[in-house]
There are 2 protein chains.
Amino acid sequence: MKPDLRLFADRLTNRSRLSEVEVRAVLDLPARMLKVAARRDFVRLGETVDHVSVVAEGVVARFGQNSEGERQISAFHIAGDAPDLHTVVVPSDTVPLLALSEATILSIPHTALRVVAARYPAVAEAFWRDCSIDAAITANWVLNVGRRDAQTRIAHLLCEMAVRYNAHVGGGEVSYSFPLTQLQLADAVSMTSIHVNRSLRALAEQGLVTFSGGRVRIPDWKRLVHRGEFEDDYLQAGWQPGNRLRIMD
Amino acid sequence: MKPDLRLFADRLTNRSRLSEVEVRAVLDLPARMLKVAARRDFVRLGETVDHVSVVAEGVVARFGQNSEGERQISAFHIAGDAPDLHTVVVPSDTVPLLALSEATILSIPHTALRVVAARYPAVAEAFWRDCSIDAAITANWVLNVGRRDAQTRIAHLLCEMAVRYNAHVGGGEVSYSFPLTQLQLADAVSMTSIHVNRSLRALAEQGLVTFSGGRVRIPDWKRLVHRGEFEDDYLQAGWQPGNRLRIMD
DNA sequence: CGGTTTATTGAGAGGGCTCAAAGATTGTGG
DNA sequence: CCACAATCTTTGAGCCCTCTCAATAAACCG
């Protein structure tokens with residue numbers, strides 16, 4: 001049975017305007033489903049890939065490592081995301097991918113994606129747009145890692161993920177499932193797991209966030225947003241159906 | 001007189017396969033030329049742009065800033081680069097741009113770019129590919145800032161720029177013009193200009209690099225590459241005319 | 001229930017920062 | 001072409017945030 005690509009199609013149509021035919025073409029893409037265990041690298045550095053991975057379930061990380069083997073996570077990817085969609089046009093730029101929790105991955109061959117992109121330029125445009133938004137997130141990550149102290153950095157990241165999970169709507173307590181270990185969080189924010197632990201405690205003592213049992217709880221959204229210097233524009237979270245751009249006729 | 005877009009077209013054809021007609025379409029794009037003084041922000045945060053900036057001369061930086069106004073440069077752009085090409089598909093994601101040296105910018109309207117992209121899907125593909133390579137560079141920047149110490153970080157950056165300037169070919173002394181102040185360099189590598197100064201001196205004392213008078217000199221390329229843990233694959237520097245990909249028919 | 005991974009806490013060290021000030025360079029106007 | 005101003009570079013001293021090393025407690029997993 002063919003895996004369901006609806007999540008991926010939804011992600012695209014949330015950001016781009018696609019016709020029914022185009023959406024159908026995406027949904028009809030061939031895909032192989034694979035379950036990946038937590039803490040498993042399922043795309044290795046240097047490996048040549050001929051397919052794109054779409055996250056259907058779980059949390060996936062893109063990372064790099066220095067010569068000592070220390071890791072730096074440069075992006076988190078959640079359901080709907082295609083961490084290496086760019087390999088459709090730059091196949092040699094393989095990025096290592098790691099499942100942080102148990103994850104379900106849908107694997108779509110480059111060949112099939114290229115056929116659809118060539119046939120439906122608006123789909124190619126949607127891919128391009130997706131890659132660009134990802135890039136904006138990464139650029140923001142540089143700022144976060146480079147110019148914010150430990151607590152602010154963590155707060156910022158937890159805000160970002162709240163918005164990406166769309167968990168920040170409504171006014172009350174914000175909460176979402178985020179099944180990472182503190183060590184993995186440390187690899188994302190460029191700190192030691194020990195210092196992550198201490199910073200997390202400090203944030204909790206101020207009543208700002210709680211991170212435990214794989215769940216993030218934010219009692220007062222606005223307060224954390226302020227603490228983390230968080231502004232969500234770069235996520236394009238406010239995209240309305242009306243102002244979705246389409247350049248392909 | 002219309003500014004010459006040859007540099008931009010070259011950049012595209014170095015990475016993508018375009019027909020003569022497509023190249024011509026790029027060259028015929030309308031453009032306005034502007035000279036920007038050094039240390040001048042010529043695209044401000046929040047400002048809505050309706051054009052793309054192409055660097056014709058000089059060095060330009062993409063940056064973000066934290067709540068204290070401290071800056072973090074997330075990308076350098078040199079002649080041929082289009083720092084905000086992605087705004088063609090994500091116009092609301094304006095990135096602040098700063099001229100580090102006196103620079104010449106060619107400004108191309110979104111509308112014109114969109115017409116060409118729609119008419120020539122292969123050009124759209126080339127744009128997408130360009131954005132993707134930029135994104136790969138940014139992802140690497142995260143690793144650099146997050147997981148490398150001062151000297152290694154600087155060494156890595158100076159290697160990257162050498163390759164992007166294509167100054168690393170041949171075996172002898174590598175050298176290129178890189179007219180930044182140490183403060184600007186500090187904003188790129190997330191350090192204090194004071195610490196940049198000291199690290200630079202340390203690197204010089206080891207005979208690895210010299211950074212002064214707006215010029216970088218590398219006596220022994222391989223040694224600096226090693227010191228900076230630099231691997232150039234992410235830059236797609238090895239792209240041969242033969243293996244340029246084209247997905248649009 | 002035992003074994004492994006993860007979280008937590010303590011003590012000490014260090015890389016990079018802050019504050020401060022003196023040189024060197026660059027640019028500008030007269 | 002000089003003089004002055006502004007910017008940039010360099011150096012010193014002390015401190016602090018985050019890391020390292022080490023050990024225990026807790027949670028998870030089969």
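Note that the structure is a prediction, hence the values are computed from the model and not measured. In what follows, chains are A, B, ... by sequence order, proteins preceding strands, each numbered from 1.
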Asker: In B/S/- notation, 5' to 3', how is nucleotides 10-17 of chain C contacted by protein heavy atoms closer than 4.0 Å?
Answerer: BB----BB

Asker: Could you tell me which residues satisfy side-chain contact (heavy atoms from CB on, under 4.5 Å) with A/Glu68, sequence neighbours excluded, listed by chain and number?
Answerer: A/Asn66, A/Glu70

Asker: So, do B/Phe76 and B/Trp141 have ring centers that fall under 6.0 Å from each other?
Answerer: yes

Asker: If we only count heavy atoms from C-beta on, is the A/Val55 to A/Pro83 side-chain gap below 4.5 Å?
Answerer: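 Yes, at least one pair of side-chain atoms sits under 4.5 Å.
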
Asker: Using a cut-off of 4.0 Å between protein heavy atoms and nucleotide atoms, how would you tag nucleotides 23-30 of chain D 5' to 3' with B, S and -?
Answerer: --------

Asker: For B/Asp232, is there an ion pair with B/Arg164 - N to carboxylate O distance below 4.0 angstrom?
Answerer: no

Asker: At what angle, to 10 degrees, do the two end axes of the helix from C/dC1-D/dG30 to C/dG30-D/dC1 meet, given five pairs define each axis?
Answerer: 60°

Asker: Got a sec, which pairs hit salt bridge (Lys or Arg N to Asp or Glu O under 4.0 Å) with one end in residues 172-182 of chain B, sequence neighbours left out?
Answerer: none

Asker: Considering only distance and modelled atom types, tabulate donor-acceptor pairs under 3.5 Å from the side chains of residues 92-100 of chain A, sequence neighbours left out.
Answerer:
residue, atom, partner, partner atom, Å
A/Ser92, OG, B/Gln236, NE2, 2.6
A/Asp93, OD2, A/His86, NE2, 3.1
A/Thr94, OG1, A/Glu47, O, 2.7

Asker: Using a cutoff of under 3.5 Å, can you pull out all pairs of nitrogen or oxygen atoms linking the protein to nucleotides 5-8 of chain D, with atom names and distances?
Answerer:
residue, atom, partner, partner atom, Å
D/dC8, OP1, B/Arg39, NE, 3.1

Asker: Is any side-chain N or O of A/Asn197 closer than 4.0 Å to OP1 or OP2 of C/dT8?
Answerer: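 For C/dT8, OP1 or OP2 has a side-chain N or O of A/Asn197 closer than 4.0 Å.
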
Asker: Only pairs under 3.5 Å count here: list side-chain donor-acceptor contacts from residues 180-188 of chain B, not counting sequence neighbours, and write none if there are none.
Answerer:
residue, atom, partner, partner atom, Å
B/Thr181, OG1, B/Leu183, N, 3.4
B/Thr181, OG1, B/Gln184, N, 3.1
B/Gln182, OE1, B/Asn197, ND2, 2.9
B/Gln184, OE1, B/Thr181, N, 3.0
B/Asp187, OD1, A/Arg147, NH2, 3.4

Asker: Just to verify, what does B/His51 make a ring pair (Phe, Tyr, Trp, His ring centres under 6.0 Å) with, not counting sequence neighbours?
Answerer: none

Asker: Classify the ring geometry between B/Tyr234 and B/His156 as parallel (under 30°), tilted (30 to 60°) or perpendicular (over 60°).
Answerer: parallel

Asker: What residues, two or more places apart in sequence or in another chain, satisfy ring pair (Phe, Tyr, Trp, His ring centres under 6.0 Å) together with A/Phe42?
Answerer: none

Asker: Scan for salt bridge (Lys or Arg N to Asp or Glu O under 4.0 Å) pairs involving residues 207-217 of chain A, sequence neighbours excluded, and state none if there are none.
Answerer: none

Asker: Mind checking ring pair (Phe, Tyr, Trp, His ring centres under 6.0 Å) for B/Tyr176 and listing every partner two or more places apart, or none if nothing turns up?
Answerer: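 By the ring pair (Phe, Tyr, Trp, His ring centres under 6.0 Å) rule, B/Tyr176 matches B/Tyr165, B/Phe178.
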
